[in-house]
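Take a look at the structure below.
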Amino acid sequence: MATKKLATAHKNAVKQLLDPDALLELLETAKRCPITPDGDLEFSAYQNRIFERIFPSFTYQYSATSQVSLSGAGEVLSLNTVNWNLPDECLPSYMEHGHLDDLSPMVYANPGRALNYTYVCRHERVEDHPFFIAHCHKFGIHHAISVGFLHPGHESTFLSFDYLGDKSNVDWVAFNHVKIELASFPFALAWLFRAGIFDEAKLRKMFLLLQGLTESRLLNLRKYINASLQSFDQQASDLGIRASTLKEDLALIRNATMYKLELTVPENRNTPTRLLDQHFGFLLMLGDHTAPLVETMGRDAV
């Protein structure tokens with residue numbers, strides 16, 4: 001029953017975030033907060049406020065926003081982290097005990113997918129995981145949902161969000177993680193803008209293209225962009241919808257995109273693919289949410 005209530009409360013969460021005014025506020029806040037440690041903390045606090053507004057009854061007490069570079073063997077080469085609501089000792093502690101962190105490698109192996117420790121071990125054993133005992137518990141962390149996004153044009157450089165909760169977050173396991181992926185995405189684009197990966201004109205264009213998308217249409221577009229080797233029938237089957245529904249949604253998105261970008265309507269209005277591929281390539285950062293997860297260790301390994 002509680003899960004059903006959460007689903008109802010969060011039904012329009014992504015749509016709220018992709019409202020034109022909401023995206024403009026996000027862009028202006030990303031510009032206004034100084035590119036300094038204090039400015040990063042201010043922007044992290046803003047992200048928390050927005051999540052609490054669009055996701056009633058779902059809160060997180062702490063967060064870590066990290067820029068991570070990995071070696072070919074998956075070892076951390078560099079780590080720059082903004083720890084919100086956490087003491088300065090948190091980063092040195094993580095560097096000391098990070099080898100016990102079994103979730104992060106799985107997050108990096110599955111860009112765009114929000115995961116928690118139940119993907120590593122059984123729910124009842126999360127509290128006893130060595131990483132929680134050695135690192136998390138001393139900072140009051142009892143729950144974690146993590147999602148990472150590859151930097152555009154990179155193979156092993158990530159922006160990752162760790163949403164961290166205390167013991168009171170009893171609904172986290174049941175929460176729809178796809179909503180976390182979609183809600184994190186505009187913030188990921190904004191953080192990459194702050195890091196100089198995107199300029200303001202590029203961020204404005206991406207936000208313009210995302211404006212007004214419903215959750216279902218964004219998921220359909222996400223699938224289309226990230227499953228280019230599949231037919232429409234295969235994509236639709238993975239999404240649990242009809243191929244005609246997928247094609248109609250893509251056509252509507254194409255028409256809206258042409259209007260936003262003031263493009264000429266093509267003679268063949270039934271082929272939205274080329275235009276969507278051209279302008280929505282940045283959705284490759286989200287990955288295919290219907291694909292099997294890449295496992296780095298068994299659930300019951302701990």
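Please read all numbers here as calculations on a predicted model, not as lab measurements. For the single chain, residues carry numbers from 1 onward in sequence order.
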Worked check of side chain to side chain contact (heavy atoms under 4.5 Å, CB included) between Ser69 and Thr157:
CA-CA 4 Å; Ser69 293; Thr157 307; 3.7 Å; yes
Run the side chain to side chain contact (heavy atoms under 4.5 Å, CB included) check on Ile145 and Leu115 step by step: do they pass?
CA-CA 6 Å; Ile145 296 177; Leu115 306 172; over 6 Å; no
Just do the side chain to side chain contact (heavy atoms under 4.5 Å, CB included) check on His143 and Tyr60 with the steps written out, would you?
CA-CA 9 Å; His143 302 277; Tyr60 59 93; over 6 Å; no
Taking it one step at a time, do Leu263 and His279 satisfy side chain to side chain contact (heavy atoms under 4.5 Å, CB included)?
CA-CA 12 Å; Leu263 301 174; His279 293 290; 4.0 Å; yes
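Aromatic ring centres of Phe280 and Tyr224: separated by at least 6.0 Å. Checked against the 6.0 Å centroid criterion, the rings of Tyr163 and Phe51 qualify as a close aromatic pair. Taking the six-membered ring for Trp, Phe158 and His154 have ring centres at least 6.0 Å apart.
Checked by atom type, the side-chain pair His177/Asn116 shows a donor-acceptor distance below 3.5 Å. The closest side-chain donor-acceptor pair between Trp191 and Gln47 falls under 3.5 angstrom. Side-chain contact check for Asp101 and Tyr117: at least one donor-acceptor pair (N or O, by modelled atom type) lies under 3.5 Å.
Here the shortest heavy-atom pairing between Lys260 and Leu210 reads NZ-C, 4.3 Å. The two residues Gln61 and Asp166 make their nearest non-hydrogen contact at OE1-N, 3.0 Å. Contact between Leu150 and Ser156 at its shortest, heavy atoms only, is CD2-N, 3.9 Å. Closest heavy-atom contact between Phe161 and Ser184: CE1-O, 3.6 Å. When all heavy atoms are compared, the tightest approach of Leu182 to Leu286 is CD2-CD1, 4.3 Å. For Phe43 against Arg194, the heavy-atom pair with the smallest separation is CD2-CD, 3.7 Å.
No side-chain heavy atom of Asn220 sits less than 4.5 Å from a side-chain heavy atom of Lys223. Between Leu284 and Asn226 the shortest side-chain heavy-atom distance falls below 4.5 Å. Phe187 is not listed as a side-chain neighbour of Phe149, based on a closest heavy-atom distance of 4.5 Å or more. Between Leu79 and Tyr94 the shortest side-chain heavy-atom distance falls below 4.5 Å. Residues Phe282 and Phe185 form a side-chain contact, since some pair of their non-hydrogen atoms from C-beta on lies under 4.5 Å apart. At a threshold of 4.5 Å between non-hydrogen side-chain atoms, the residues Ser63 and Asn48 do not count as touching. Two residues are said to be in side-chain contact when any heavy atoms from C-beta on lie closer than 4.5 Å; Gln16 and Arg53 meet this criterion. A 4.5 Å side-chain heavy-atom check between Arg204 and Leu208 finds every atom pair outside the cut-off.
More than 12 heavy atoms of other shown residues, nucleotides or ligands fall within 6.0 angstrom of atom CD in Glu28. Counting heavy-atom neighbours within 6.0 Å of Lys167 NZ, excluding the residue itself, gives a total of 12 or less. With a 6.0 Å radius and a threshold of 12 heavy atoms from other residues, nucleotides or ligands, Arg32 has its CZ atom above the threshold. Other residues, nucleotides and ligands place more than 12 heavy atoms under 6.0 Å from the CG atom of Asp199.
Criterion: ILVMFWY side-chain heavy atoms under 4.5 Å apart, direct or through other members. Under it, Ile35 and Leu159 are not part of a common hydrophobic cluster. The hydrophobic cluster containing Leu70 also contains Met95, counting ILVMFWY residues as joined when their side-chain heavy atoms lie under 4.5 angstrom apart, directly or transitively. There is no path of hydrophobic side-chain contacts, each under 4.5 Å, that joins Leu77 to Val107. Cluster membership check: Tyr108 shares its hydrophobic cluster with Leu293, using side-chain heavy-atom separations under 4.5 Å among Ile, Leu, Val, Met, Phe, Trp and Tyr. Leu261 and Leu23 fall within a single hydrophobic cluster, where Ile, Leu, Val, Met, Phe, Trp and Tyr side chains are chained together by heavy-atom contacts under 4.5 Å.
Rounding to the nearest 0.5 Å places CG of Leu239 at 11.5 Å from CZ of Phe232. Going from atom CZ of Phe207 over to atom CG of Leu189 covers 5.5 Å, rounded to the nearest 0.5 Å.
Arg113 places no side-chain N or O within 3.5 Å of a backbone atom of Met106 that could act as its donor or acceptor partner. Of the possible donor and acceptor atoms, none in the side chain of Thr81 sits under 3.5 Å from a partner among the backbone N and O of Asn83. A donor-acceptor pair under 3.5 Å is formed between the side chain of Ser44 and the backbone N or O of Asp40. Side chain of Asp249 to main chain of Arg217: no donor-acceptor pair is present (N/O by atom type, distance under 3.5 Å, no hydrogens or angles).
We find that Arg222 and Asp288 are not joined by a salt bridge, their nearest charged nitrogen and carboxylate oxygen being 4.0 Å or further apart.
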